[in-house]
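Comments concern the structure below.
Indexing begins at 1, ligand by ligand and atom by atom, following the structure's order.
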Amino acid sequence: MITIATIPVFDVYALRKQFPVLEREVKGKPLIYLDNAATSQKPAVVIDALVQYYTGYNANIHRGIHTLAEEATAAFEATRETAKHFIHAAGREEIIFTRGTTEGINLVAYTWGRANVGKGDEIIISAMEHHSNIVPWQILCEEKGAQLKVIPVDDAGELIMEAYEKLLSDKTRLVAITHVSNALGTVNPVKQMIRSAHKAGALVLVDGAQSTVHLDIDVQDMDCDFFVCSAHKLYGPTGVGVLYGKKHVLEAMPVFQGGGEMIKEVTFEKTTYNELPYKYEAGTPNIADTIVFKTALDFIEQTGKEQIRQHEHELLQYATAALETVPGLKIIGRAKEKTSLVSFVIDKVHPQDIGILLDNKGIAVRTGHHCAQPLMQRYGIPGTIRASFAAYNTKEEIDELLLGLEKSIKLLV
Ligand SMILES: *Cc1c(COP(=O)(O)O)cnc(C)c1O
């Protein structure tokens with residue numbers, strides 16, 4: 001007998017009702033939020049979980065033996081377990097909580113980087129990196145006399161793989177690449193890139209700030225050595241993120257910040273350090289937001305990652321086709337594999353002017369360099385207008401964006 005799996009219907013209108021902010025108006029118009037690559041909105045369950053923590057069991061974790069401390073510790077560690085499953089890490093000790101992607105990258109640069117990168121060594125990044133995955137490596141290279149090498153991008157917004165393979169050598173210590181470009185939407189072939197890097201004897205850090213919300217992440221299958229992401233781009237709170245590292249790599253790394261929780265024993269002569277993951281979690285962490293991060297990850301799982309992806313893919317195709325009809329509009333980033341983000345420029349108009357006029361219609365887009373100035377220089381533009389879509393966006397909103405654009409262009413040209 002053949003059984004046909006029934007796929008529950010993805011109801012974007014029901015989903016929208018779970019996001020209180022989507023009910024507000026901006027400049028007298030219903031909010032159309034298309035800046036999800038900067039940060040996503042939060043569902044009521046996440047907001048409620050924050051209130052529940054502070055009203056119910058606020059306490060410092062890992063130390064106290066009283067009930068509140070036990071409850072808070074259990075909830076905090078439950079997030080670690082959920083995050084481990086979400087990115088398919090092998091163990092909970094490989095999940096380190098940070099303030100976000102930027103802090104995760106800096107942690108690796110300051111610890112692993114300072115122990116493993118020396119004069120004449122090379123670090124490879126790409127031309128489409130976010131400043132957060134450029135500057136920490138620049139600082140490290142300057143300090144150590146190492147060299148930063150950059151994988152070029154082509155006109156379509158894809159990394160040039162032949163150039164990457166040529167950059168790899170026995171001097172390469174690390175490849176630090178973004179999984180998905182926040183300015184173009186390009187999905188990079190990280191698995192293949194990691195294999196090549198490992199063959200050359202280099203480790204790989206993957207910046208998952210944009211990918212984790214859109215793609216299935218399996219750090220073991222990918223075989224990356226480090227992976228970083230931020231909760232606030234995953235329908236979760238600001239101020240918390242994950243640094244994943246392979247256990248043996250993390251164990252061999254020197255410590256980052258010194259202080260409470262990262263120690264085993266302190267005397268004035270010598271301090272011994274705690275085991276993973278606490279070794280890298282000095283001081284009282286962002287307990288509330290870390291606890292609530294679990295609610296956000298559960299929310300994504302319950303909504304259905306595959307269904308969200310399908311919906312977002314439809315939005316991408318719909319928006320791309322619609323925008324192509326606008327005279328003078330050019331899409332920047334036409335990679336074969338993209339997440340739900342469209343970056344574009346329009347002849348004779350400055351992106352910022354469009355951004356202001358769209359805001360007057362309640363439409364939130366991002367304009368500018370998207371923290372990727374070298375990439376903008378590559379395309380010879382000061383910036384783009386970027387519309388980035390989340391699970392709760394609709395085709396009607398894209399219709400409104402198009403109308404808004406057409407009216408704005410008439411005013412400006
Ligand atoms: C947002 C983003 C970052 C920085 O994340 P923070 O949460 O601001 O630390 C880094 N890389 C990419 C690709 C991003 O999109």
Side-chain angles (χ1 to χ4, degrees), residues 34-42 83 87 96-110 125-139 150-151 153 157-159 174-190 193 204-215 217 222 224 226-244 256 285-286 289-290 292-293 296-297 312 332-333 335 337-343 364-376 378 383-384 386-390:
L34 305 178
D35 194 18
N36 295 285
T39 198
S40 54
Q41 296 301 342
K42 322 303 172 199
I87 64 168
I96 292 159
F97 290 122
T98 62
R99 275 199 305 129
T101 301
T102 304
E103 191 179 65
I105 296 170
N106 276 278
L107 193 158
V108 175
Y110 276 90
I125 60 170
S126 87
M128 62 170 80
E129 297 311 315
H130 187 284
H131 295 163
S132 293
N133 200 27
I134 301 174
V135 184
W137 308 120
Q138 262 174 343
I139 296 171
V150 182
I151 311 162
V153 285
E158 292 184 344
L159 294 180
L174 180 79
V175 176
I177 35 157
T178 196
H179 196 175
V180 168
S181 159
N182 66 305
L184 306 170
T186 308
V187 181
N188 288 320
V190 285
M193 295 176 79
V204 182
L205 177 142
V206 174
D207 175 350
Q210 290 297 326
S211 62
T212 311
V213 72
H214 298 296
L215 310 175
I217 304 297
M222 212 190 283
C224 55
F226 301 106
F227 184 91
V228 285
C229 62
S230 301
H232 72 93
K233 292 178 180 175
L234 283 152
Y235 307 105
T238 52
V240 59
V242 163
L243 161 65
Y244 157 84
F256 184 39
N286 186 345
D289 293 306
T290 306
V292 168
F293 183 19
L297 293 175
E312 289 176 341
I332 306 291
E337 255 201 87
K338 278 180 71 170
T339 55
S340 52
L341 177 166
V342 194
S343 237
V365 294
R366 172 73 40 139
T367 62
H369 54 66
H370 317 297
C371 296
Q373 281 180 347
L375 183 68
M376 298 298 123
R378 157 66 178 84
T384 71
R386 181 186 73 186
S388 51
F389 310 111

*Are any of the side-chain heavy atoms of Leu375 and Leu184 separated by less than 4.5 Å?*
yes

*asked:* Rounded to the nearest 0.5 Å, what separates atom CG in Asn133 from atom CE in Met128?
replied: 12.0 Å

*asked:* Just to confirm my output: which protein heavy-atom neighbour is closest to atom 5 (O) of ligand 1, and how far is it?
replied: Thr101 CB, 3.4 Å

*Heavy-atom side-chain proximity of His130 to Thr178 below 4.5 angstrom*: no

_Checking contacts here: is it the side chain or the backbone of Lys233 that comes within 4.0 Å of ligand 1, counting heavy atoms only? Could be both or neither._
side chain

*Of His369, Arg366, His370, the residue whose pairing with Thr384 passes side-chain hydrogen bond (donor to acceptor under 3.5 Å, both in side chains)*: His370

*Looking only at heavy atoms, is any part of His232 under 4.0 Å from ligand 1, and if so is it the side chain, the backbone, or both, or is it neither?*
side chain

*Numbering the atoms of ligand 1 from 1, which are under 4.0 Å from a heavy atom of Asn182?*
15 (O)

*Numbered atoms and elements of ligand 1 in range of Thr178, under 4.0 angstrom, heavy atoms*: 13 (C)

*Check ligand 1 against Ser230 and write out every atom of the ligand that is under 4.0 Å from a heavy-atom position of the residue.*
5 (O), 6 (P), 7 (O), 9 (O)

*asked:* Which of the numbered atoms in ligand 1 are under 4.0 angstrom from any heavy atom belonging to Ala209?
replied: 2 (C), 3 (C), 10 (C), 11 (N), 12 (C), 14 (C), 15 (O)

*For the residue pair Phe293 and Phe97, categorise the inter-ring angle as parallel (less than 30°), tilted (30 to 60°) or perpendicular (more than 60°).*
perpendicular

*At a non-hydrogen distance cut-off of under 4.0 Å, which region of Asp207 contacts ligand 1 (side chain, backbone, both, or neither)?*
side chain

_Gln210: numbered ligand 1 atoms lying under 4.0 Å from its heavy atoms_ = 13 (C), 14 (C), 15 (O)

_Thr102 neighbourhood, listing ligand 1 atoms whose heavy-atom distance to it stays under 4.0 Å_ = 4 (C), 5 (O), 6 (P), 8 (O), 9 (O)

_No-hydrogen, no-angle side-chain donor-acceptor test under 3.5 Å, Ser132 and Thr102_ = yes

*Would you kindly say whether Glu312 and His214 are connected by a side-chain donor-acceptor distance under 3.5 Å?*
yes

